[in-house]
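Note that the structure is a prediction, hence the values are computed from the model and not measured. The first residue of the sequence shown is numbered 1, and numbering continues consecutively from there.
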Amino acid sequence: MVRFVRGPHGLLGKITRPDRIDRRQNGQAAMSARFLGSLAVIMAANSAFSAPAPDPKTTLLVAGPRTPESLDQEYPPTEASHEARRNIYERLLNYAPKKNEENIVVEDFGQIVGGIAEKFEVSLDKTTITFHLRKGVRSYVGNELTADDLMWTFTRGWILKATFHWYMSQVLKIQDFDKSFKKIDGMTVQVTLPQPSPLVDRIWVNNDLGILDSTEVKKHTTNEDPWASKWLANHSASFAPYQVTKIVPGQEVNYEANPNYWRGPAKLSRIIFREVPTSSNRVAALQTGSVDVAEWLLPRELNLLSRSPSVKIWKVFGNYVHRVEMFNGKPPFDDVRIRQAMNYLVPRDEIRKAIYFDTARDTKSPIAEIYPGFTDQYFPYGNDVNKAVALLKEAGLPQGFKTQLGYRSSEPIEEEIALILKTAFARAGVDVELQKLPASTLVDRYTKGEIPMYFFRDMAIVPDAAYVANLWLNSKSLINYSHFKNEDVDQLINLGLTTTDESKRIDGMRRVQEIVMQSAPWVFLMNPGYQLATRANVKGYSWYTPNGNNWFDFYKE
C-alpha cells in the first residue's frame, strides 16, 4: 500500500479532461463541431448501454471514469477500487448510520455497531478486542462465516505484507502475528495488541479490512499462488451484499446481489458499471437516460445538471483535503517563511467561485473538517500580497524566485487551479513553471523529491485526527512526500496513537494543527466534497469515508 502510489487510506481519482473546441476556429465551424460532438457523445453513450436490463426497476446502470485496477483488497487502493471494496467485502464492525442536515445517511463516528461480528468486547486497557461472529452469515455461494474465515483472511494479509499488514503493524503496532491473533472457538476470534490503542475497535470499520470466504478462495489457490492473489484480482468471495460476476478491465463490471446476505437481499439485484473515461460523455449518458448514475463529474457539469428536473445532485462535504504540497527538504521550501508566503498568495475566493461554483470549502487544517478533533482556529492565511512580499524579503528573496508546479494531465480542475495560482504567485515575484504530467510520472517525481510543488488530493478513511496526522505529517511516514518534520508533532502523533485518554488526544491533536498551520508544509486549498449525479428516480444515496458508493443503500422509485 504505502510503498506504492499512496497509503491504504485512499487515492486520487483521475477524471479525464473533456475534449474542447479550439477557440481559434471561426464561429460557424465551432458551432458545427459542438453539435456533431454532442451528437456523437449521445450516440456513443446510448450504444454503450443499449443492452436491455433484465428488470429496469432492480438494475442500476453506472458510468464512471474507470474500472477498479484490482478487486483484491491487498492491492494498493484507488477511488475505483475503494468503491468495489465497499460493495464486495463485509467488515466486522460498522459505524451506526445517521442523517445529516441534508437528510443524507452518513456515518456516526461516535457509535460503533456490529457488522458480521454480532457483538464485540474491548478490554478496559484497550489492548484486546474479541469478536463474536453473527450466526447464519453466508456468502454469495452459500458458505457460512466462521472464525476460520477470519483467521485465514488475517494470515493472508499478514504474510502478503500489504494493506492488512500496514494497518496492524503501523497503526496497532502488532509485530508478532501468533501472539496477537487467536481463534477462541468456531465463532470467536481475539486480537491482542502489544500496547494500548484508542483505535483497537475503530480500525475494524475500515473499508480495507473485509473478511474473505476462505472456503471459496481456497479452491483457487495454487502452489505458485498460495493466497489466490491472481484469482482475487478479478473475482470476489466474501459475505457482502454483492459479488462480482463479470469484470472486463477498462470496460465493465457486473455486480450481482447476494441472495444470502444477512441483512436481506439488496433492493437492486444487479449493478452494471461501465467505464466512460470522459466526463462530458458521462453527462450525456445521464441526460439521455442511458445511465442511472454518473460519477466524478466536473463542478461546471454538476452546476448545469442541477437545473434539470430529471437529475438529482447529491452532495456531502466529506473528508477530502486538496492541497499543493511543497518539498520541505530543499530550498526554497525548507524555509517556513517562504511556505507561509505561498499560502498568503492564494486567491481562495476566486478559486471557489470560478472553479467550484461555490460548492467547495476552504481547507483550514490538515484534518478533515468532519472528523473529531478538527479545528480551524489556527488558519491565518487570507489573500495578503503585502504580507507575502514581506515574508519573502525577510527570507532573503525580495525579488521572488523560480519554481515548478506539477499537476496531472488527466485532472482538468488541477490545471485550472494551476493557471490561477501561477498568476497569483507572480504578484510577489514567484515565477512558476507549470508541469503538466501523466499521473504516473508526477507520482514518480514527487515520491523521489524531484519536483518542488505538486497537487495532492487525498482522504484519510479512518475518522481519527491522530490517524490522519500519522499518515501525512509523521516524519517517518512513507507518504509524507513533502518531507515535513517537526519533533513535537512526531511525539504528539505517537501519543495520539497510544494513549487512551481521549481529552489528551484531542488536546494533542489541536496542538498538532496549530504547529502545522504555522509551519505551512502545504499550500492549503479546498475541500471539494463528494458529489454524485443520478436520475431523479434513484434514491438512497449514502456517504462513507472512502467516498465510494454503497449500492446496497440505493433503490429506484
Side-chain angles (χ1 to χ4, degrees), residues 9-10 82-83 85-124 126 128-137 145 150 167 171-172 187 189 191 197-211 238-242 258 261-268 314-319 367-374 459-468 500 502 505-506 529-530 532 539-555:
H9 47 99
H82 266 308
E83 181 169 276
R85 293 175 193 185
R86 169 57 48 180
N87 293 284
I88 63 173
Y89 287 100
E90 194 75 350
R91 285 147 291 280
L92 290 161
L93 305 177
N94 297 301
Y95 289 113
K98 67 176 184 179
K99 289 191 175 181
N100 67 5
E101 295 177 354
E102 288 74 35
N103 207 35
I104 293 174
V105 174
V106 298
E107 294 171 294
D108 181 352
F109 302 139
Q111 186 179 359
I112 298 176
V113 297
I116 54 175
E118 185 172 21
K119 60 181 180 177
F120 64 100
E121 299 156 357
V122 176
S123 62
L124 291 176
K126 294 199 174 184
T128 299
I129 184 168
T130 305
F131 300 107
H132 301 275
L133 300 181
R134 194 179 298 272
K135 294 181 180 179
V137 173
L145 172 72
L150 270 65
Y167 283 114
V171 179
L172 298 184
M187 298 296 286
V189 170
V191 181
S197 172
L199 302 180
V200 64
D201 50 357
R202 303 181 210 182
I203 201 73
W204 300 101
V205 181
N206 197 288
N207 201 60
D208 295 324
L209 299 178
I211 303 301
S238 184
F239 304 90
Y242 290 96
N258 176 3
Y261 188 49
W262 65 274
R263 287 190 175 98
K267 297 180 181 70
L268 295 171
W314 307 85
K315 170 76 174 182
V316 173
F317 280 107
N319 55 356
I367 310 301
E369 62 183 76
I370 63 168
Y371 283 0
F374 162 83
M459 58 186 177
I461 62 178
V462 176
D464 182 83
Y467 175 88
V468 178
T500 57
E502 199 61 26
R505 297 185 78 236
I506 294 297
Y530 181 77
L532 184 72
K539 308 295 182 181
Y541 169 76
S542 54
W543 183 84
Y544 299 84
T545 59
N547 295 282
N549 294 307
N550 189 50
W551 304 125
F552 180 79
D553 296 340
F554 284 65
Y555 62 95

To the nearest 0.5 Å, tell me how far [X] [atom1] sits from [Y] [atom2].
X	Y	atom1	atom2	result
Glu101	Phe317	CD	CZ	11.0 Å
Leu150	Leu133	CG	CG	5.0 Å
Asn547	Leu532	CG	CG	11.0 Å
Ile129	Ser123	CD1	OG	9.0 Å
Phe239	Leu145	CZ	CG	4.5 Å
Ile203	Leu209	CD1	CG	6.5 Å

Inset, instruction - Measure from the ring center of Trp204 to the ring center of Phe120 and say whether it is less than 6.0 Å. - result: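 No, the ring centres sit 6.0 Å or more apart.
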
Inset, instruction - Please test Trp543 against Ile370 for side chain to side chain contact (heavy atoms under 4.5 Å, CB included), starting from the C-alpha separation and ending with a verdict. - result: CA-CA 12 Å; Trp543 183 84; Ile370 63 168; 3.4 Å; yes

Tell me, do [X] and [Y] make a side-chain contact under 4.5 Å, heavy atoms counted?
X	Y	result
Asn87	Asn550	yes
Lys119	His132	yes
Ile211	Phe131	no
Asp464	Arg505	yes
Glu102	Lys315	no

Grab the two heavy atoms, one from [X] and one from [Y], that are nearest each other, plus how far apart they are.
X	Y	answer
Pro372	Pro463	CD-O, 3.7 Å
Tyr371	Val462	CE2-O, 3.6 Å
Asn319	Ile461	ND2-CA, 4.3 Å
Tyr89	Ala240	N-CB, 3.5 Å
Phe552	Pro241	CD1-CB, 3.7 Å
Ile367	Phe374	O-CD1, 3.2 Å

Legend entry - Any residue meeting side chain to side chain contact (heavy atoms under 4.5 Å, CB included) with Lys126, in chain and number order, not counting sequence neighbours: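 Partners of Lys126 by the side chain to side chain contact (heavy atoms under 4.5 Å, CB included) criterion, ordered by chain and then number, come out as Val122, Val200, Thr500.
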
Inset, instruction - Report the residue from His82, Glu83, Arg85 that forms a side-chain hydrogen bond (donor to acceptor under 3.5 Å, both in side chains) with Asn207. - result: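 Considering His82, Glu83, Arg85, a side-chain hydrogen bond (donor to acceptor under 3.5 Å, both in side chains) with Asn207 is found only for His82.
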
Please tabulate, for side-chain N and O atoms in residues 104-114, each donor-acceptor pair with protein atoms closer than 3.5 Å (sequence neighbours left out).
unit_1 : atom_1 : unit_2 : atom_2 : d
Glu107 : OE1    : Thr545 : N      : 3.2
Asp108 : OD1    : Gly110 : N      : 3.0

Legend entry - Donor-acceptor side-chain pairing of Asp553 and Tyr544 below 3.5 angstrom: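 On atom types as modelled, these side chains qualify, holding a pair under 3.5 Å.
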
Legend entry - Pair Glu90 + Arg134, salt bridge at N-O below 4.0 Å: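 Here Glu90 does not pair with Arg134 in a salt bridge, since their nearest N and O are not under 4.0 Å apart.
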
